[in-house]
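Before any comments, here is the structure.
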Amino acid sequence: MGGVSTKFTRFNSPFYAIVHHQTNKITPMEQNIFSLAKIFLITTIFWALNSWSDEIPPLCERLIEIKKSPRFDRLNHPIETARFYNQRCKNLESLAWLDQNATLTSDATELLSAIDNSYNEGLNPKRYHKDEITEALAQLKNNATADEDNASLYWLDILLSDAYMTLSKDLYEGVSTYDELRESKRAKAERFEWDRPQIEAISYPEYLEEYLKLHRISRSLTSLSPDYEEYYRLRDTLRTFRSAAVTGKNPSSTSQKIIKKLLINLDRFRWLPRGVGKNGSYIDVNIPSYTLKVIDHGYEVLAMKTIVGRGSRPTPILNSTISHAVLNPSWTAPQTIIRKDILESKEISAYLQNHDIRVYEHVRGELYEVDPIQIDWSRYSGKKQIPYTFKTDAGETNPLGKVKFLFPNKHFVYLHGTNVPALFKKTNRALSSGCIRLSAPQKLYDYMMEKWENPEEKSPDTLEESDISVRLQKKLPILLRYMTISADNSNTVNVYDDIYGYDDAQWAILKKKGVRGE
């Protein structure tokens, strides 16, 4: 039966009651009928089982046996690998990577080349069974008479399939995972303001089968890498620094630090969504470099300095779309600022006066201004919610400046101007409570209006009213990302401070999974 065992329980058989039917009186004719029925039943089962055995290809028989072995469970992706072969056995009776002469196919050759090249992608070829595959190929070469029942052939094919799916997943999703990084930060009770990455899901068994049919294995792997120009520049920079480290052209300690940063950020790029700029423009905010850039069809068309959240109130990492702008915005203090800044101030009334903050209470759904001096603020110390709203009117003293840009997110952060432009002269600009302050918000607004000839275009300088909403004719994608190293077109490398402490946590995960820092 080729390793397949089938159990039949007589009491579950619908024929059991017929064949073993008991009556008080059985005629000779009935006995003959029952005897013929019993013979027919046994014959039917015999031929059915033999037919099933004939329909199971030898490949699948052997795979059934191998899947039961402990080493199959030690594959990187045993479930996906099993799914791939289960589906393949329904349609084909051949191995995926070896032909009938036990010779590697051209697809296998492309895969082996991609495994070697994974080192240049910031990955470790050993993670893709390089050593085991090399050993299996050597055994295959020394055993020219191997027949199709040779277990080493099947295991080699399985290793190659698992290697492909592991490499595919690493290129597309990253070696480190979101859950691992989140748990690492939580274990140390550290802030983790990072939304779960959302990329289009891939069924790797089906993806592999599709490209095996097309014989485009190399193409299938390269197309999974992040589609950002900066990713390619970082990858080229990694190769340059590794070469320099080997030849001794750069100090070893400096090279090692940069290589480590490159490996971390290459993997971080794999978390980003693909195709963000496929329809034209998008906004790129890199938190550690304190910069905002507008990318239009791959080219930088606008850049400015930013101020981001300080370590205790980090700016979240996320992606969204800017839907509209608000001109001459008023400012309402969020709960974090109320609890940690206003209520913890030694002189609350003086703090409110210095920041032009007015206090309102809620009465039947309406806001009425109250005198903060008349309120006993000690009653609300340590409480999460208090029954007052704190606002600053639009104008020169408003902390949001003359324009803010809104995009949906659960953290209630947005882009806005500032009433303290001198802060942009600082080198370390992790100063806000989470929102991103822009050095030139008017330029971003003008770009949006001009880009899409927005019919609702208004100028904040000509408006007397406050909180004027301008809906964009077209939503603009925005990335808030966290990259601590960059390489520009002139091969200049810039390293930024890890202001939120994500690098060391992510490097520990990569190192555990075999990514090499040399």
Side-chain angles (χ1 to χ4, degrees), residues 172-174 176 178 181-182 192-200 224-235 264-309 314-325 404-416 429-430 432 434-441 443-445 447-448 451 472 474-488 494 496 498-500 502-503 506:
Y172 187 61
E173 300 179 27
S176 58
Y178 172 84
L181 182 58
R182 179 188 60 187
F192 185 71
E193 298 295 337
W194 198 318
D195 283 3
R196 180 179 291 276
Q198 299 293 330
I199 58 175
E200 186 177 350
L224 292 174
S225 293
D227 54 353
Y228 297 86
E229 287 298 325
E230 192 174 343
Y231 174 84
Y232 302 129
R233 291 198 295 268
L234 290 183
R235 187 182 61 186
I264 293 168
N265 285 268
L266 282 169
D267 206 54
R268 204 168 276 165
F269 258 106
R270 299 178 188 118
W271 287 18
L272 295 180
R274 308 301 198 266
V276 173
K278 65 181 179 181
N279 294 322
S281 305
Y282 70 94
I283 293 178
D284 172 24
V285 177
N286 187 30
I287 295 167
S289 64
Y290 309 118
T291 57
L292 176 147
K293 298 177 181 178
V294 177
I295 309 299
D296 192 343
H297 291 89
Y299 294 94
E300 179 185 311
V301 295
L302 183 63
M304 66 188 69
K305 294 180 179 180
T306 66
I307 292 171
V308 301
T315 295
I317 292 95
L318 55 86
N319 58 280
S320 184
T321 53
I322 291 183
S323 54
H324 61 281
K404 69 177 180 179
F405 304 90
L406 303 181
F407 46 93
N409 68 91
K410 66 181 181 182
H411 308 277
F412 303 105
V413 297
Y414 43 86
L415 308 177
H416 63 83
R429 296 195 295 277
S432 81
C435 287
I436 300 100
R437 305 177 198 171
L438 307 180
S439 62
K443 288 185 178 180
L444 179 59
Y445 177 76
Y447 168 81
M448 293 178 178
K451 176 71 176 178
L472 299 182
K474 180 180 178 182
K475 292 183 178 181
L476 187 62
I478 180 170
L479 290 178
L480 305 187
R481 59 189 181 95
Y482 193 89
M483 303 298 172
T484 54
I485 192 169
S486 67
D488 59 26
N494 300 294
Y496 312 111
D498 179 20
I499 55 179
Y500 300 155
Y502 291 134
D503 277 9
Q506 197 156 3

task: Apply the test side-chain contact (heavy atoms from CB on, under 4.5 Å) to residues L480 and I317: give CA-CA distance (whole Å), side-chain angles for both, the deciding distance (0.1 Å), then the verdict.
output: CA-CA 5 Å; L480 305 187; I317 292 95; 5.5 Å; no
- prompt: Side chains of S323 and T321: closer than 4.5 Å at any heavy-atom pair?
  reply: no
query: Any idea which heavy atoms bring W194 and Y178 closest together, and the distance?
result: O-OH, 2.7 Å
message: Less than 4.5 Å apart, side chain to side chain, heavy atoms only: is that true for R270 and I199?
response: no
message: For a quick test of reading the model, state the closest non-hydrogen atom pair linking P477 to S281 and the distance between them.
response: CD-O, 3.5 Å
task: For E229, enumerate each residue passing the salt bridge (Lys or Arg N to Asp or Glu O under 4.0 Å) test, keeping only those at least two apart in sequence or located in another chain.
output: none
- prompt: Can you list the residues that meet the side-chain hydrogen bond (donor to acceptor under 3.5 Å, both in side chains) rule with Y496, with sequence neighbours excluded?
  reply: S486
- prompt: Which distance, rounded to the nearest 0.5 Å, do you find between the CD of E230 and the CD1 of I295?
  reply: 9.0 Å
- prompt: To the nearest 0.5 Å, what is the distance between CG (N286) and CG (L479)?
  reply: 10.0 Å
query: NZ of K475 to CD1 of I322: how many Å apart, nearest 0.5 Å?
result: 12.0 Å
task: Could I get the full list of salt bridge (Lys or Arg N to Asp or Glu O under 4.0 Å) partners for D296, not counting sequence neighbours?
output: K451
- prompt: Is the backbone N or O of D503 less than 3.5 Å from a side-chain atom of D498, with the two atoms forming a donor-acceptor pair by type?
  reply: yes
Inter-residue atom distance L444.CG - L476.CG, 0.5 Å rounding: 7.5 Å
- line: Residues L272 and R274: closest non-hydrogen pair is O-NH1, 2.8 Å
field: Nearest heavy-atom neighbours spanning P441 and F405
entry: O-CZ, 3.6 Å
message: Quick test of your reading: applying salt bridge (charged side-chain N to carboxylate O under 4.0 Å, His left out), list the pairs with at least one residue in residues 276-295, sequence neighbours left out, ordered by first then second residue.
response: D284-R481, K293-E300
Non-hydrogen side-chain atoms of S176 and I264 separated by less than 4.5 Å: no
Set of salt bridge (Lys or Arg N to Asp or Glu O under 4.0 Å) partners for R233, sequence neighbours left out: none
task: Could you tell me which non-hydrogen atom of I287 sits nearest to which non-hydrogen atom of T315, and how far apart they are?
output: CD1-O, 3.6 Å
query: In a check of side-chain contact (heavy atoms from CB on, under 4.5 Å) between R429 and each of I307, V308, I499, which one passes?
result: I307
- prompt: Nearest 0.5 Å, what's the CZ-CH2 distance between R196 and W271?
  reply: 9.5 Å
- line: Hits for side-chain contact (heavy atoms from CB on, under 4.5 Å) against S439, two or more places apart or cross-chain, chain-then-number order -> M304, K305, F424
- request: Apply side-chain contact (heavy atoms from CB on, under 4.5 Å) to M448 and I283, showing your working.
  value: CA-CA 11 Å; M448 293 178 178; I283 293 178; 3.8 Å; yes
Set of ring-ring contact (aromatic ring centres under 6.0 Å, His included) partners for Y482, sequence neighbours left out: Y500, Y502
query: Can you find a heavy atom in the side chain of F269 that is under 4.5 Å from one in the side chain of M483?
result: yes
- request: Sequence neighbours left out, what passes salt bridge (Lys or Arg N to Asp or Glu O under 4.0 Å) with D227? Give chain and number order.
  value: none
field: Residue pair S320 / P408: nearest heavy atoms and the distance that separates them
entry: OG-O, 2.8 Å
- request: Using ring-ring contact (aromatic ring centres under 6.0 Å, His included) as the criterion, list what pairs up with F412, not counting sequence neighbours.
  value: none
- prompt: Looking at residues at least two apart in the chain, or sitting in another chain, which of them share a side-chain hydrogen bond (donor to acceptor under 3.5 Å, both in side chains) with N265?
  reply: T484
- prompt: Any side-chain heavy atom of P316 within less than 4.5 Å of one from V413?
  reply: yes
With Y228 via side-chain hydrogen bond (donor to acceptor under 3.5 Å, both in side chains) - residues at least two apart: none
- prompt: Does the Y172 side chain pair with the main chain of E200, one donor and one acceptor, at a distance under 3.5 Å?
  reply: yes
- prompt: How about L292 and L438: do any of their side-chain heavy atoms sit closer than 4.5 Å?
  reply: yes
- prompt: Among all residues two or more places apart in sequence or in another chain, which pass the side-chain hydrogen bond (donor to acceptor under 3.5 Å, both in side chains) test with E193?
  reply: R191, H411
